[in-house]
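In what follows, a single structure is set out as structure tokens and then discussed.
Proteins get letters first, then strands, A, B, ... in listed order; numbering begins at 1 in each. If you're wondering where the values come from, they're calculated on a predicted model, not measured in any experiment.
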Protein chains: 2
Amino acid sequence: MSLKMNQSLSVTVDNVLFTIRDDSLHVLLVKRAKEPFAGQWALPGGILDTDKDADGERAASRILEEKTGLRINYLEQLRTYAGDFDPRGYTVSIAHFALTSDFALSPKVASVEEAQWVPVKLLSDLKLAFIHRDIIEDALNRLREKAKYSLIPLYCLPKQFTIVGFTKVMSVILGKTIQRKTVQRRLEQVEAIVPVKGEVATGTRGPQSQLYTLTKPINEINFERNLN
Amino acid sequence: MSLKMNQSLSVTVDNVLFTIRDDSLHVLLVKRAKEPFAGQWALPGGILDTDKDADGERAASRILEEKTGLRINYLEQLRTYAGDFDPRGYTVSIAHFALTSDFALSPKVASVEEAQWVPVKLLSDLKLAFIHRDIIEDALNRLREKAKYSLIPLYCLPKQFTIVGFTKVMSVILGKTIQRKTVQRRLEQVEAIVPVKGEVATGTRGPQSQLYTLTKPINEINFERNLN
DNA sequence: ATTAACTGTGTCCCTGTGACACTATTAATT
DNA sequence: AATTAATAGTGTCACAGGGACACAGTTAAT
């Protein structure tokens with residue numbers, strides 16, 4: 001615990017931001033302009049700024065906000081990767097896991113940085129920089145595990161959502177059919193989730209569906225049983 | 001992701017090593033000899049060595065082995081704390097969560113470093129360096145959560161253990177009575193856990209109890225339901 | 001006006017845990 | 001040596017929550 005400085009060591013922050021578009025899971029990637037790994041896809045990240053960033057989460061928020069122009073719905077630390085995966089030297093990368101509702105990337109951001117929503121299913125076809133494939137894999141596992149016992153996939157949806165909408169998100173994330181009934185039972189026992197009175201979703205065939213919303217954060221709510 | 005070096009930034013590794021002694025949960029602490037926080041208790045940790053440590057886990061193993069002289073049973077990354085909690089400057093601390101069976105600290109280690117097993121219940125009376133109180137709290141939560149759906153508390157026990165022994169460990173960690181039957185049901189559906197034939201535990205009143213052992217790591221085994 | 005899709009709800013089954021009792025076994029006590 | 005008390009293993013019942021599925025009422029498309 002004596003602190004001589006570590007030599008030639010970079011500390012970065014990387015972010016795995018997921019959303020649901022068109023009933024499939026997408027992750028935000030940027031195309032690298034410079035070496036190393038120029039032309040390859042990478043997670044949106046940056047260098048930890050010891051002046052601006054009081055901690056890792058705030059660093060991640062700052063960087064994501066710079067890249068997307070938006071505040072995202074949910075963010076937590078994923079894990080930290082230390083090692084020799086950057087040709088420029090030993091690196092410590094604090095990776096974060098984030099969720100947001102589907103939105104269009106602002107054109108400026110999209111052009112300058114070439115940030116894009118990439119369907120997770122297509123990742124195997126892409127070249128990914130550094131160890132970002134592993135990081136995405138870990139983030140995916142985190143998301144899938146949490147989907148089993150928590151409500152955080154709600155953060156992939158807009159402020160107002162329907163039971164069926166959430167059921168679809170859950171099914172997409174877990175890769176298997178989830179019963180509406182099951183989702184409904186879970187939602188209705190959480191007092192932080194309330195129907196928006198008067199507000200219904202329409203457009204599709206069938207009856208109008210009730211819209212719900214969150215009155216407080218639901219990231220701490222865990223269920224006793226996992227789905228499946 | 002362009003890598004100019006962060007200025008004046010230290011990367012350290014801290015370890016929260018738990019065990020069970022005398023039916024209560026203990027954590028390994030060392031008394032700090034130097035400033036800052038001299039004389040206060042701290043987690044066993046050290047500086048990330050980019051030459052020796054291929055990744056964070058190996059750094060943690062190395063440091064714990066140096067401090068205890070022993071290989072510990074289980075280790076995983078907890079989370080990384082970045083911030084201004086060290087008066088000498090901005091620090092990134094990769095914290096780890098570890099378990100081992102009860103053992104006596106080698107006298108040399110115990111005297112030189114003043115490493116000690118401290119009962120978790122007594123922590124509130126101690127002065128703890130840096131943000132180590134928060135880290136221990138997070139590690140405790142991790143342990144308690146994992147105890148609900150996994151078998152990792154087994155790593156607090158010797159190679160051979162009894163059902164009742166494990167039940168006690170679970171009860172201590174979770175702070176409430178766990179039914180022998182429940183533990184037994186969980187154990188017997190895991191094929192990696194086998195009775196050691198011929199080996200029984202004795203000494204206490206009552207029938208001899210069967211000893212079990214692990215044939216492979218059980219850190220990936222998760223149950224669908226949480227206890228309680 | 002009819003049809004098809006869809007939302008909300010009711011119900012049954014199944015599984016795993018909690019609780020507790022019963023039996024057999026062993027050490028401590030007399 | 002006989003008795004007692006503690007203990008390990010097991011059997012069983014109740015309960016809760018998820019999976020599956022069916023049914024009724026509603027809405028848009030035809």
Side-chain angles (χ1 to χ4, degrees), chain A residues 23 144-151 153 157 160-171 173-190 193-212 221-228, chain B residues 23 144-151 153 157 160-171 173-191 193-213 221-228:
Chain A
D23 291 342
R144 291 190 177 124
E145 285 306 307
K146 287 216 162 193
K148 290 184 191 169
Y149 62 81
S150 81
L151 295 173
L157 289 172
Q160 300 196 351
F161 54 89
T162 64
I163 292 179
V164 172
F166 185 46
T167 306
K168 270 189 192 149
V169 168
M170 293 289 281
S171 298
I173 291 172
L174 293 174
K176 54 161 283 191
T177 306
I178 300 297
Q179 301 283 327
R180 270 176 301 155
K181 186 74 186 191
T182 302
V183 172
Q184 185 191 20
R185 279 189 285 226
R186 284 190 160 197
L187 290 183
E188 72 194 10
Q189 84 182 54
V190 176
I193 296 175
V194 295
V196 190
K197 72 172 181 179
E199 289 293 314
V200 288
T202 181
T204 57
R205 223 186 268 198
Q208 302 172 327
S209 48
Q210 178 64 53
L211 284 168
Y212 292 81
I221 299 172
N222 295 327
F223 297 93
E224 192 175 309
R225 302 195 192 177
N226 287 341
L227 299 185
N228 192 2
Chain B
D23 291 343
R144 292 190 176 124
E145 285 305 309
K146 287 216 162 192
K148 290 184 191 168
Y149 61 81
S150 82
L151 295 174
L157 290 173
Q160 299 196 352
F161 54 89
T162 65
I163 292 179
V164 171
F166 185 46
T167 306
K168 270 190 191 147
V169 168
M170 293 289 281
S171 298
I173 291 172
L174 294 173
K176 55 161 283 189
T177 306
I178 301 296
Q179 302 283 327
R180 270 177 300 155
K181 187 73 186 192
T182 303
V183 171
Q184 184 191 19
R185 280 188 286 225
R186 284 188 162 199
L187 290 184
E188 72 194 10
Q189 81 182 56
V190 176
E191 60 186 24
I193 296 175
V194 295
V196 190
K197 72 171 181 179
E199 289 293 314
V200 288
T202 180
T204 57
R205 223 185 269 199
Q208 301 174 326
S209 48
Q210 178 63 54
L211 283 167
Y212 292 81
T213 196
I221 298 172
N222 294 327
F223 296 93
E224 191 176 310
R225 301 195 193 177
N226 287 342
L227 298 185
N228 191 3

message = Closest approach to the side chain of A:K181, judged atom by atom: which nucleotide of C:dT11, C:dT7, D:dT12 is it?
response = C:dT11
query = Reckon B:T182 has a side-chain N or O less than 4.0 Å from the OP1 or OP2 of C:dG18?
reply = yes
request  = Could you state the atom-to-atom distance from CZ of A:F223 to C1' of C:dG16 in whole Å?
outcome  = 18 Å
ask   = In whole angstrom, what separates B:I178's CD1 from C:dA19's C1'?
value = 12 Å
Spatial distance of atom CD1 (B:I221) from atom CD (B:Q189) [nearest 0.5 Å] = 9.5 Å
inquiry  = Just the rounded figure in Å: distance from C1' of C:dG8 to CG of A:L187.
reply    = 13 Å
inquiry  = Quick one, B:V164 and B:R180 - any side-chain contact, counting heavy atoms below 4.5 Å?
reply    = yes
ask   = Taking atom C1' of D:dG19 as reference, at what distance in whole Å does atom CG of A:L174 sit?
value = 14 Å
ask   = Does A:R186 make a side-chain donor-acceptor contact with the base of D:dG18, cut-off 3.5 Å?
value = no
message = Any base atoms under 4.0 Å from A:Q208, or only sugar-phosphate, or nothing? Heavy atoms, all strands.
response = sugar-phosphate
task = Return the nearest nucleotide to the side chain of B:R180; candidates are D:dG9, C:dT7, D:dA5.
result = D:dG9
ask   = Heavy atoms under 4.0 Å, any strand shown: does A:Q184 hit a base, just sugar-phosphate, or nothing?
value = base
task = State which of D:dG19, D:dG9, C:dA27 makes the closest approach to the side chain of B:T202.
result = C:dA27
message = Tell me if the side-chain of B:R185 makes a donor-acceptor pair with the base of C:dG18, cut-off 3.5 Å, by modelled atom types.
response = yes
query = With no angle test and no hydrogens, is the base of C:dG16 tied to the side chain of B:R225 by a donor-acceptor pair under 3.5 Å?
reply = yes
key: Under 3.5 Å: donor-acceptor pair, side chain of A:S171, backbone of A:I178   = yes
query = Counting side-chain heavy atoms from C-beta on, which of C:dC6, D:dT12, D:dA8 comes nearest to B:V164?
reply = D:dA8
ask   = Should B:I193 and B:L151 count as side-chain neighbours, where that means a heavy-atom distance under 4.5 Å?
value = yes
key: Whole-Å distance separating the CD atom of A:E224 from the P atom of C:dT17   = 10 Å
key: Atom of A:A201, atom of A:L211 and distance for their closest heavy-atom approach   = N-CG, 3.9 Å
inquiry  = Counting only side-chain heavy atoms from C-beta out, which of C:dA27, D:dA29, C:dG8 sits nearest to A:R205?
reply    = D:dA29
request  = Nearest whole angstrom, please: distance from the C1' of C:dT9 to the CD of A:Q210.
outcome  = 15 Å
note = Closest non-hydrogen atoms of A:N228 and A:K176, given as atom of the first, atom of the second and distance, are ND2-NZ, 3.0 Å
note = A:Y149 OH to D:dG17 P, in whole Å, measures 19 Å
inquiry  = How many whole angstroms separate atom CD of B:E188 from atom C1' of D:dG9?
reply    = 10 Å
task = For the side chain of A:Q179, starting at C-beta, report the closest nucleotide among D:dA20, C:dT17, D:dG25.
result = D:dA20
request  = Could you check A:K168 against B:N226 and say which one's nearest nucleotide on DNA chain C is further toward the 5' end?
outcome  = A:K168
